[in-house]
Novice: 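Okay, handing you the structure first.
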Amino acid sequence: MFDAVAHAVSALLGQAQTWLFVTLEQPLLYQLHLMDYDDLAYDATLWFVAGAAQILAVYAVLRPLEAWRPIERWPDRKAARVDVIYTLINRLGLVSLVFFLALQPAFDNLQEWLRLHGVVNLNLDELLPGMRTHPLLGFLIYLVALDFAGYWYHRWQHQFQWWWELHAVHHSQRQLTLWADDRGHLLDDTLQAAFFAALALAIGVPPNQFVLLAMLGGALQSLQHANVRMDFGRLGERLLVSPRFHRLHHAVGYGHELGHGNRARLYGCNFGILFPWWDLLFHSADFMTPTQPTGVRAQLPPPEGQGVDYGQGFWAQQWLGLLRMAARLPLPWSRGQSSGSTPHSSAT
């Protein structure tokens, strides 16, 4: 059943990919004398088509829910509008396109070098033969493996101060909506794309399944950030990351800052991407704290915060993120400088 559904979805996406490429992109590449990039452009078209389908489906489902049962009501949604730009950039594959154009040759050379030295990919389907005969089992194993890696990747984003200053672009949104998931610094997004692409190659994720995994993960993360009053129940909250569970991760003073003297919460709580299992296993879960305001403490006005400007527009947010990161790097020109952002270890 799963195999049939996966093939049907892949076939529909493939048809749209081929039509768009042949009708629009290939003639344009020909006119611009860029036919050397036709293979990369064709691959990027699949991400564009899959992303467009995902955006339409997510908006059709979640936007009515946000209007019907919002957690917060704002006088206007102006602060959330910039997140639409982030969503279009990320979901339509623009970051992935840049990543593949710039780094794919490096990955190819690295893999060739590793093979020459007897190092091969750790293909999970070779370790677990049942994955080849049961596609659904393989899909779920890859999903869990990538989510486990995502949990630790997310914790690292909060643990290293220079990295946090990039990731803080995501957390600085105080109006969480279905669009907020893709809000982030482009450098941070590129690092993340490189990490997960390399991991997917290493464990042998088939390309068609990787696209489906990305679509499912993106849709669920849009739900997590949605301004929807939704509770999955005691059992459901522990099986899948809910909007309530993830909203606390964005909460000022709870989700990504020192948690009331509890060293287990030094860098926050509720880091799970899709599953809260890892938070339960590694003692970073919080199911009890009520809903809190979201954002970064440093951006609040004194005395609660320091009134740090994280930027209102896309380019301002990108530039200020780079400045904050540079101020945290142990480089000669950054010594003695301060980004104005309170370090995690001194947040209260």
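Nothing fancy with the numbering, it's 1 onward along the sequence.
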Novice: Between Tyr142 and Gly204, is there a donor-acceptor pair closer than 3.5 Å when you use the side chain of the first and the backbone of the second?
Specialist: yes
Novice: Given 3.5 Å as the limit, does a donor-acceptor pair link the side chain of Asn227 with the main chain of Glu72, or not?
Specialist: yes
Novice: Scan residues 221-237 for pairs that pass salt bridge (Lys or Arg N to Asp or Glu O under 4.0 Å), counting only residues two or more places apart or in two chains.
Specialist: Glu237-Arg244
Novice: Salt-bridge test for Arg77 and Asp83: reply yes if a basic N is under 4.0 Å from a carboxylate O, no otherwise.
Specialist: no
Novice: Keeping Gln292 on the side-chain end and Val252 on the backbone end, is there a donor-acceptor pair under 3.5 Å?
Specialist: no
Novice: Can you tell which of Asn90, Ile89, Val169, Leu166 makes a side chain to side chain contact (heavy atoms under 4.5 Å, CB included) with Asp189?
Specialist: Asn90
Novice: Which distance, rounded to the nearest 0.5 Å, do you find between the CG of Leu329 and the CD of Gln161?
Specialist: 11.0 Å
Novice: Main chain of Ile71, side chain of Arg247: is a donor-acceptor contact present, judged purely on distance under 3.5 Å?
Specialist: no
Novice: Do you know which of Gln299, His250, Arg183 makes side chain to side chain donor-acceptor pair (under 3.5 Å) with Ser172?
Specialist: Arg183
Novice: More than 12 foreign heavy atoms under 6.0 Å from CH2 of Trp74: is that the case here?
Specialist: yes
Novice: For Met288, what are the other residues in its hydrophobic cluster, where any two members join if their side-chain heavy atoms are less than 4.5 angstrom apart?
Specialist: none
Novice: Spell out, as yes or no, whether a donor-acceptor pair under 3.5 Å connects the side chain of Gln317 to the backbone of Gln312.
Specialist: yes
Novice: Can you tell if the side chain of Val144 reaches within under 4.5 Å of the side chain of Trp277, non-hydrogen atoms only?
Specialist: yes
Novice: If you measure from CD on Gln306 to CG on Leu300, what distance do you get to the nearest 0.5 Å?
Specialist: 10.0 Å
Novice: Is it true that Trp179 and Tyr59 have ring centroids separated by less than 6.0 Å?
Specialist: yes
Novice: Could you tell me whether Phe282 and Phe271 have their ring centroids closer than 6.0 angstrom?
Specialist: no
